[in-house]
2 protein chains.
Amino acid sequence: MSQIDVRALLRHQPMFHQLSDAQIDALAPGVREVRGQKSQVVFHRGDVCEGLYLVVYGRVKLSISSAQGVEKVIEIIQPGQSFAEAVMFLGTPCPVTAQFLEDGLLLQVEASAIDRAMTDDPAFARRLLAGLSMRLHSLIRDVERYSIESSTQRVLGYLLQYADPEQGAQQVVTLPVNKNLIASRLNLTPETFSRVLHQLSDAGLLAVNGRDITLLDLDKVRAFGCG
Amino acid sequence: MSQIDVRALLRHQPMFHQLSDAQIDALAPGVREVRGQKSQVVFHRGDVCEGLYLVVYGRVKLSISSAQGVEKVIEIIQPGQSFAEAVMFLGTPCPVTAQFLEDGLLLQVEASAIDRAMTDDPAFARRLLAGLSMRLHSLIRDVERYSIESSTQRVLGYLLQYADPEQGAQQVVTLPVNKNLIASRLNLTPETFSRVLHQLSDAGLLAVNGRDITLLDLDKVRAFGCG
DNA sequence: CGAGCTGTTGATCTCAATCAATCTGAGTGG
DNA sequence: CCACTCAGATTGATTGAGATCAACAGCTCG
């Protein structure tokens, strides 16, 4: 019964969308369910992982910590996304710590199962490569942000991610998590993040109401972000 | 004749080490030689690439530039390494600019050839995945450096990369490129990089002589790097 | 020689971090 | 229903690391 359950869950994961039922069946024995509560740790930095993780529901944060205990969020993994692929392929210790942001369910797929699927279906390998490539690009984007953009530009860049160019010039972005986490994600202190939002609000570019942020003029916001 | 040449070059690339002669032969038609001189641009940020690049000799820098023209080196690609894989798999515009650091020779392998090799040989796909995974981890390391390490820690971390733990407590590291480039790689200005080296030299941790840097006590350097 | 890199040194400035106080609102329990 | 708590968020004052600006030294190479 848990087996049937797992297969259904697997079938709904974007990563496995193009796999046949037979391939999903072959995968299932190598899958372990991982349930966790808010703030529970999936693995610590330095642990060895035997397989990649898929998020069924709940969110997971990947973070690093300095020797002084300052924590820095690298990424927030949403349902349908995966993590720890790179660690699985390399067999090296995890460079980050993974922790539930809220109660959730993960599937851990062991390396041998992925290997089998890759051998059976080259398109699956391609999908994995595309996934890692996207991750890579977003990390390059992060490096770029941290190294050559100001705090204001980082905040605007972040907000613009969530803006839909198709929609009107004015639109509301709701922050997916609390401001402390976003500040960390942007490599800012919560204080600075708050100040930047206020300053942009004073400049008439946006309006803040709790976690809802209204971009008042998309074009102006874009122009500001590039200045 | 150029064909024979290309095959020999391909055979010597780490990425293709486990391929059979027949697979190399199959690859060859999809390969283009790219010769370039120092400071010549391979592709600009925003260009679309039709395939990945292998460095036969010479070195290539990947960099980004801010709107204000500040350049930031993301990575320095050495002979035997590859770049632009992620762009190839995604078909998206390049997020970085690639430029020869000295006269060199690249091989551009078009996506279809890579696809064929992946289908023929699942182990090749695995090797590609491992390569991207390593790239990913080193970028995480970069993000970590930029976000939670001080300039001194970044410099020491960089130098320690080149130190051999097996060797004695004292060893010489020769910088692979000029100090301006390394400073950029570490997200420092050349001025700050120079000052940090001096300060470490004053502290008795190392001695600087042009591009040769002698780490005087590896353990102390490690301890300092973690402080 | 002088032009042009590469690297060093000094003075100053600036952005964001830090430290500290306060505020808000959503629970929690009496 | 209200007092209490406590995490999240804001605001102000101060600090500091590293950038910036500027001058200059050493060198290689035409």
Side-chain angles (χ1 to χ4, degrees), chain A residues 38-39 61 65-73 76 99 101-102 145-158 174-203 206-213 224 227, chain B residues 38-39 61 65-73 99 101-102 145-158 174-203 206-213 224-225 227:
Chain A
K38 178 172 177 167
S39 85
K61 82 169 175 211
S65 294
S66 71
Q68 293 81 39
V70 182
E71 189 192 43
K72 166 76 191 62
V73 177
I76 295 167
Q99 197 175 7
L101 280 178
E102 56 237 358
R145 278 213 257 259
Y146 296 161
S147 55
I148 58 182
E149 291 185 1
S150 69
S151 57
T152 307
Q153 288 173 318
R154 294 209 290 276
V155 170
L156 289 178
Y158 179 84
T174 301
L175 302 179
V177 289
N178 73 42
K179 292 185 182 174
N180 286 344
L181 269 178
I182 292 177
S184 173
R185 186 73 247 288
L186 295 174
N187 205 25
L188 297 173
T189 57
E191 293 95 322
T192 302
F193 184 50
S194 172
R195 279 186 251 266
V196 167
L197 283 180
H198 242 256
Q199 175 191 318
L200 289 170
S201 166
D202 287 349
L206 47 80
V208 182
N209 180 20
R211 280 195 197 169
D212 294 329
I213 295 176
F224 213 89
Chain B
K38 178 172 176 167
S39 86
K61 82 171 175 209
S65 294
S66 71
Q68 294 81 39
V70 182
E71 188 192 43
K72 165 76 190 63
V73 176
Q99 197 175 8
L101 281 178
E102 55 237 358
R145 278 214 256 261
Y146 295 162
S147 55
I148 59 182
E149 291 185 1
S150 69
S151 58
T152 307
Q153 288 174 317
R154 294 209 290 276
V155 170
L156 289 177
Y158 179 83
T174 301
L175 302 179
V177 289
N178 74 42
K179 292 185 182 173
N180 285 346
L181 268 178
I182 293 177
S184 173
R185 185 73 247 287
L186 295 173
N187 206 25
L188 298 173
T189 57
E191 292 96 322
T192 302
F193 184 50
S194 172
R195 280 186 250 266
V196 167
L197 283 181
H198 242 256
Q199 175 190 318
L200 289 170
S201 166
D202 287 349
L206 48 79
V208 182
N209 180 18
R211 280 194 197 170
D212 294 329
I213 295 177
F224 212 91

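First the proteins, then the strands, lettered A, B, ... as listed; each starts at 1.
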For this session: Please report the closest heavy-atom contact between A:Ser184 and A:Val73, naming both atoms and the distance.
Result: OG-N, 2.8 Å

Seminar exercise, completed: Whole-Å distance, A:Ile148 CD1 to D:dG18 P, equals 19 Å

Problem set entry | Closest-nucleotide 5' rank along DNA chain D - winner of B:Thr152 and A:Arg211 | A:Arg211

For this session: Identify the residue among A:Ile213, A:Ile182, A:Leu188 that makes a side-chain contact (heavy atoms from CB on, under 4.5 Å) with A:Val155.
Result: A:Leu188

For this session: Would you check if B:Tyr146 and A:Asn187 make a side-chain contact, meaning some heavy-atom pair closer than 4.5 Å?
Result: no

Exercise. Nearest-Å distance, CD (A:Glu149) to C1' (D:dA19)?
Worked result: 17 Å

Problem set entry | From CG (A:Leu186) to CD (A:Gln153), nearest 0.5 Å | 12.5 Å

Exercise. For D:dT10, does either OP1 or OP2 sit under 4.0 Å from a side-chain N or O belonging to A:Ser194?
Worked result: yes

For this session: Quickly work out the A:His198 NE2 to D:dG12 C1' distance and round it to whole Å.
Result: 13 Å

For this session: To the nearest 0.5 angstrom, please state how far the CG atom of A:Asp202 sits from the CG atom of A:Leu197.
Result: 11.0 Å

Seminar exercise, completed: Shortest non-hydrogen pair, A:Lys38 vs A:Leu101, comes out as CG-O, 3.4 Å

Exercise. Phosphate oxygens OP1/OP2 of D:dA19: is one of them under 4.0 Å from a side-chain N or O of B:Thr192?
Worked result: yes

Exercise. Touch check for A:Ser151, heavy atoms < 4.0 angstrom, all strands: base, sugar-phosphate only, or nothing?
Worked result: sugar-phosphate

Exercise. Within the side chain of A:Arg154, is there an N or O that forms a donor-acceptor pair under 3.5 Å with the backbone of A:Glu149?
Worked result: yes

Seminar exercise, completed: Interatomic distance, OG1@A:Thr174 vs CG@A:Asn209, rounded to 0.5 Å, equals 9.5 Å

Seminar exercise, completed: Between the CD atom in B:Glu71 and the CD1 atom in A:Ile148, the distance rounded to the nearest 0.5 Å is 9.5 Å

For this session: Could you say whether B:Val208 or A:Ser150 is positioned toward the 5' end of DNA chain C, judged by the nucleotide with the nearest heavy atom to each?
Result: B:Val208

Exercise. Hey, where on DNA chain C does chain A first and last touch, going 5' to 3'? Cut-off is any atom under 4.0 Å from a heavy atom.
Worked result: C:dA16 to C:dA20

Seminar exercise, completed: Rounded to whole Å, the CG-P distance (A:Leu175 to D:dT10) equals 10 Å

Exercise. For A:Asn178 and D:dC6, what is the distance between atoms CG and P respectively, to the nearest whole Å?
Worked result: 18 Å

Exercise. End-to-end bend of the helix from C:dC1-D:dG30 to C:dG30-D:dC1 (five-pair axes, 10° rounding)?
Worked result: 30°

Exercise. Roughly how many Å is it from CG in A:Asn180 to P in D:dC6, rounded to a whole number?
Worked result: 17 Å

Exercise. Roughly how many Å is it from CZ in A:Phe193 to C1' in D:dT11, rounded to a whole number?
Worked result: 16 Å

For this session: To the nearest Å, give me how far apart CZ (A:Arg195) and P (D:dT10) are.
Result: 11 Å

